[in-house]
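A short worksheet on the structure shown next.
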Amino acid sequence: MTDPLKRIAILGSTGSIGTQTLEVIRNQKDTFSVEVLTSFNNAALLAKQVREFSPNVVVIGDESKLDMLRRELSSLPVKIFAGEEALSQVVQMNEIDIVLTALVGYAGLKPTLSAIRAGKHIALANKETLVVAGELVTGLARKHSVNIYPVDSEHSAIFQCMAGEWNNPIEKIYLTASGGPFRGKDRNFLSSVKKEQALKHPNWDMGAKITVDSATLMNKGLEMIEARWLFGLRPEQIDVIVHPQSIVHSLVQYEDGSLKAQMGLPDMKLPIQYALGYPKRLKNSFTRFDFLKYPSLTFEKADTDTFRNLVLATEALQKGGNLPCIINAANEVAVEAFLKDQTGFLQMSDIIEYCMMKIPWMEHPTYDDYVETDRETRKLAASRLSSFRPVSVT
Ligand code: NAD
Ligand code: MG
């Protein structure tokens, strides 16, 4: 007897992870069906995806695009909604088995909580959700017997290394980092880099926000916090090692000293497919690894003197409470400004550090406290930003 189709909702289907998820599903039509697709404002691509995958529901975040989407899809039986609130409602639909969260930033928190409350399993790409409110989200998932499957490649690697080891405690994990486009550069060089340089990642093709986070190493800092909550680890059990080839996706060390690593070409389709297909490994024809093209895999220490975001995120990991929420909000404001050429590369860390010092720390925040912390931090980061003189870029 064949298994029933797993019915998927994709939040952020028009982005880098969203489109790669649809590529996976296109090749696994006997395993998955698409129930919900959403985009913030890319109505044209969303309409094209609807024609191919026939979901029951679509949501467009930007309400001004609703009429256009309705016109585009007028001949199809799909239900169309708009606005932020609609996201949190549609994820509760009976017809959904798994919600894949591929939207960017803090916006992922509310719909994820809503999906968990409705008992939907989560395939989590949106790491910011766990950074902001990891304790709350994982606690709620336990209460509703919901699984959170990692999509982030490092966390998928850790999860794959844990298979068959559920009763063996982890001693520590190593998250691998490519080092980004500025590995080996000094602060003098970084003082004048522009977004065009930061957006050229050596190994991965991703959305703009995470690409800048990879260049500043904030991405690895956020991933340390994400790992803490996903795997129930203490901060001192989480380490980062730079591995420029991005072939070893991360490692787990057990109490006998043995290390397990998960390896493969840098291709997000694999962790996406593992999260959706778990516990099955589905057959596919993705490009296979060729050892002779990678005669050496190398490892080095992260340069925390140059890339201060990693130090700031480690402090947030250790101190906990609302501090990770503070660094996330300040970072979102800083990265958006950097992408608009409104601040320099190094100033991004200054803004984050300033907010960490000024926003009151809370040990056990409630959901409302996180909302307030996020709002206050964004306000403070924006005012700090405007107090900087325009950066001169050579
Ligand atoms: P992206 O910018 O390419 O796509 C984001 C998607 O979310 C788009 O469909 C966009 O329309 C939608 N969206 C953006 N803001 C929204 C909002 N406020 N409300 C509703 N929808 C919104 O981003 P991405 O690179 O696909 O990353 C998505 C998430 O996955 C991020 O949290 C990122 O850290 C994580 N992630 C991405 C990769 C990768 O390879 N791209 C790898 C690991 C983790
Ligand atoms: Mg990652």
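Between L69 and V58, some side-chain heavy-atom pair lies under the 4.5 Å cut-off.
The environment of CD in E84 is sparse: at most 12 heavy-atom neighbours from other residues, nucleotides or ligands sit within 6.0 Å.
Contacts of Y149 classified as ring-ring contact (aromatic ring centres under 6.0 Å, His included), with partners at least two apart in sequence or in another chain: Y278. For S54, there are no side-chain contact (heavy atoms from CB on, under 4.5 Å) partners two or more places apart in sequence or in a different chain. Looking at residues two or more places apart in sequence or on another chain, you find a side-chain contact (heavy atoms from CB on, under 4.5 Å) between R26 and E23, K29, E52, F53. Under the rule for a side-chain contact (heavy atoms from CB on, under 4.5 Å), the partners of E236 that lie at least two apart in sequence or sit in another chain are R234. Take S153 and apply the side chain to side chain donor-acceptor pair (under 3.5 Å) test, not counting sequence neighbours, and it matches no residue. Every residue two or more places apart in sequence or in another chain was checked for a salt bridge (Lys or Arg N to Asp or Glu O under 4.0 Å) with K319, and none qualifies. Judged as a side chain to side chain donor-acceptor pair (under 3.5 Å), and not counting sequence neighbours, R142 has no contacts. Looking at residues two or more places apart in sequence or on another chain, you find no side chain to side chain donor-acceptor pair (under 3.5 Å) involving Q318. Under the side-chain contact (heavy atoms from CB on, under 4.5 Å) criterion, D368 pairs with T366, not counting sequence neighbours. For K110, the side chain to side chain donor-acceptor pair (under 3.5 Å) test picks out E85, with sequence neighbours left out.
The closest side-chain donor-acceptor pair between H201 and S178 falls under 3.5 angstrom. Under 3.5 Å, the side chains of N126 and T101 contain no donor-acceptor pair of N or O atoms. Side-chain contact check for E35 and N56: at least one donor-acceptor pair (N or O, by modelled atom type) lies under 3.5 Å. Side-chain atoms of Q92 and S114 form a donor-acceptor pair, as typed in the model, at a separation below 3.5 Å.
Taking the charged nitrogens against the carboxylate oxygens, E154 and K220 do have a contact shorter than 4.0 Å, which makes a salt bridge. A salt bridge is defined here as a Lys NZ or Arg NE, NH1 or NH2 lying under 4.0 Å from an Asp or Glu carboxylate O, and D97 with R7 meets this definition. Ion pair R71/D67 not flagged as a salt bridge, since none of the NZ, NE, NH1 or NH2 atoms sits closer than 4.0 Å to an Asp/Glu carboxylate oxygen. Between E376 and K358, no side-chain nitrogen of the basic residue sits less than 4.0 Å from a carboxylate oxygen of the acidic one, so the salt-bridge criterion is not met.
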Full working for side-chain hydrogen bond (donor to acceptor under 3.5 Å, both in side chains) between R384 and Q347: CA-CA 10 Å; R384 183 70 176 167; Q347 272 81 31; over 6 Å; no
Derivation of the side-chain hydrogen bond (donor to acceptor under 3.5 Å, both in side chains) call for N42 and T14: CA-CA 7 Å; N42 192 342; T14 54; 4.7 Å; no
Worked verdict on N322 versus D369 for side-chain hydrogen bond (donor to acceptor under 3.5 Å, both in side chains): CA-CA 8 Å; N322 65 341; D369 293 330; over 6 Å; no
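Under the 6.0 Å cut-off for aromatic ring centres, Y294 and F289 qualify, their centroids lying closer than that. Aromatic pair F182/F345: centroids less than 6.0 angstrom apart.
The side chain to side chain donor-acceptor pair (under 3.5 Å) contacts involving residues 72-83 comprise R51-E72, where partners must be two or more places apart or lie in separate chains. Sequence neighbours left out, the pairs with a member in residues 180-190 that pass side chain to side chain donor-acceptor pair (under 3.5 Å) are R183-E300.
A donor-acceptor pair under 3.5 Å is formed between the side chain of N203 and the backbone N or O of P244. Here the side chain of T112 pairs a donor or acceptor atom with the backbone of G108 at under 3.5 angstrom. Checked by atom type and distance alone, the side chain of Q273 pairs as donor or acceptor with a backbone atom of L282 at under 3.5 Å. A donor-acceptor pair under 3.5 Å is formed between the side chain of Q245 and the backbone N or O of T298. A donor-acceptor pair under 3.5 Å is formed between the side chain of T38 and the backbone N or O of G12. The closest donor-acceptor contact from the side chain of K6 to the backbone of F32 lies at 3.5 Å or more, if one exists at all.
Relative to the ring axis of F286, K269 places its NZ or CZ within 45° and under 6.0 Å from the centre.
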